[in-house]
Amino acid sequence: MEALVEKIKKLKEEKNAVVLAHCYQNVEIDQVADFVGDSLYLSRKAKETNADIIVFAGVSFMAETAKLLSPDKKVLLPRLESGCFMADMINVSQLREFKSKHPNIPTVCYVNSTAAIKAECDVCCTSSNALNVVKALNAPEVLFLPDTYLGKWVESQLDGVKVTTYNGFCPTHLRLRPEDVEKSRQEHPSSKILAHPECHQEVCKLADYVGSTKQIMDYVQKTDFKEYTIATEKGVFDRLKRDYKDKTFYLLKDTLVCQNMKWNTLDDIYNALLREEHEITLDETVSQKAMACINKMFEITESVYKTAV
Ligand code: 13P
Ligand code: SF4
């Protein structure tokens with residue numbers, strides 16, 4: 001394994017490449033990753049990098065987003081099977097039908113969507129900034145897609161904004177039921193339960209904290225509780241266990257594994273880089289429109305950030 005890690009690092013240097021890894025990836029991928037984080041962080045890094053090649057260790061909508069943000073770079077997805085079940089739950093005709101049922105309402109799409117979907121929405125968001133994005137629209141009602149649960153969580157956090165959601169969901173996060181949370185509370189009464197907003201709203205209500213993958217990791221860093229129960233994909237739990245040896249972590253349910261996030265191995269990263277496959281290509285018109293949707297998100301999040309500092 002060490003030899004393979006060294007080979008990948010050498011190849012990265014020769015080809016001026018970076019590896020971006022989502023924190024749901026198999027944990028060994030971090031050994032060759034330049035950046036590890038959530039969707040928002042990785043989008044920012046894709047935008048900033050001067051590399052010629054980006055290897056995206058994540059799922060296809062993430063690699064597409066990187067390509068939109070770095071159109072002149074070669075963006076590679078090591079395994080073509082790495083889709084996202086939620087992103088695949090809406091296609092353009094379903095989106096148009098949804099919008100036509102609710103005309104003249106701003107449409108917010110979760111970054112977990114294809115470029116073709118982003119191209120027909122007003123603004124994009126990630127789970128880190130969904131609340132700020134919806135708030136910034138200052139509208140009495142917004143349409144939110146594809147994730148009904150993230151949309152409903154945003155609505156629960158805002159006073160007087162109606163969030164009309166498309167009925168998409170993440171099968172991994174929906175494996176968690178309120179009974180699992182209650183059982184875990186009984187088993188570990190002092191443990192803080194940290195949930196991703198893609199979980200069912202009844203699960204979110206029972207959690208001690210709800211946040212994106214990065215927000216969950218930051219919560220652990222900033223607090224000094226002894227025990228934490230992780231209610232999101234196992235990759236987050238694996239990294240926390242690795243990084244905080246003095247704290248105890250429980251995975252709320254052992255089936256919290258996103259199969260699509262787990263395809264990549266170090267061999268796949270090596271082969272992708274060596275053969276420069278599988279390259280992401282996007283239609284020019286779709287790209288321009290999808291970029292407008294993503295840029296609107298950055299305008300909002302950058303201005304929120306500036307006001308906060
Ligand atoms: P984050 O936006 O929190 O990285 O989550 C992405 C994702 O796919 C969650 O299932
Ligand atoms: Fe998609 Fe769910 Fe996997 Fe995230 S965890 S990539 S939303 S299927």
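The chain is numbered in sequence order, starting from 1. Order of appearance sets the numbers: ligands from 1, and atoms from 1 within every ligand.
Using a cutoff of 4.0 Å between basic side-chain nitrogens and carboxylate oxygens, E6 and K10 are not scored as salt-bridged. Under the 4.0 Å criterion applied to side-chain N and carboxylate O atoms, E2 and K7 are not assigned as salt-bridge partners. Ion pairing between K262 and E233 holds under the 4.0 Å rule for side-chain N and carboxylate O. Salt bridge annotation for K214-D218: present, with a cationic side-chain nitrogen under 4.0 angstrom from a carboxylate oxygen. A salt bridge does not link K67 with E64: every distance from a Lys NZ or Arg NE/NH1/NH2 to an Asp or Glu carboxylate oxygen is 4.0 Å or more.
Of the protein's non-hydrogen atoms, the one nearest atom 3 (Fe) of ligand 2 is C258 SG, 2.4 Å. The closest protein non-hydrogen atom to atom 1 (Fe) of ligand 2 is C84 SG, 2.4 Å. Here the heavy atom of the protein found nearest to atom 3 (O) of ligand 1 is S127 OG, 2.8 Å.
At a 4.0 Å heavy-atom cut-off, ligand 1 touches N112 through the side chain alone. Within the 4.0 Å heavy-atom criterion, the part of N112 lying near ligand 2 is the side chain and not the backbone. When heavy-atom distances to ligand 1 are checked against a 4.0 Å cut-off, H173 comes that close only through its side chain, counted from C-beta outward. If you look at E198 next to ligand 2, the close heavy atoms, those under 4.0 Å, all belong to the side chain.
Separation of the H200 and Y149 ring centroids falls under the 6.0 Å cut-off. F237 has its ring centre no less than 6.0 Å from the ring centre of F249.
Residue H196 has at least one heavy-atom neighbour below 4.0 Å for each of these atoms of ligand 1: 1 (P), 3 (O), 5 (O), 9 (C). Residue-ligand proximity, F85 to ligand 2, at heavy-atom distances under 4.0 Å covers atoms 8 (S). Close contacts between ligand 1 and Y24 involve ligand atoms 7 (C), 9 (C), 10 (O) [criterion: under 4.0 Å to a heavy atom]. For ligand 1, the atoms sitting less than 4.0 Å from at least one non-hydrogen atom of E198 are 7 (C), 9 (C), 10 (O), numbered in the order shown with element in parentheses.
For S212, no nitrogen or oxygen atom sits less than 3.5 Å from a nitrogen or oxygen atom of ligand 1, counting backbone and side chain alike. Any N or O atom pair closer than 3.5 Å counts here, and H22 shares at least one such pair with ligand 1. Where the criterion is an N or O separation shorter than 3.5 Å, residue side chain and backbone included, D38 fails it with respect to ligand 1. Considering backbone and side-chain N/O atoms, T213 comes within less than 3.5 Å of an N/O atom of ligand 1.
A donor-acceptor pair shorter than 3.5 Å cannot be found between the side chains of Y24 and T172. A donor-acceptor contact closer than 3.5 angstrom links the side chains of D38 and S128. Side-chain N/O atoms of S93 and N91 include a donor and acceptor closer than 3.5 Å.
Taking backbone and side chain together, C170 holds an N, O or S atom under 2.8 Å from atom 2 (Fe) of ligand 2.
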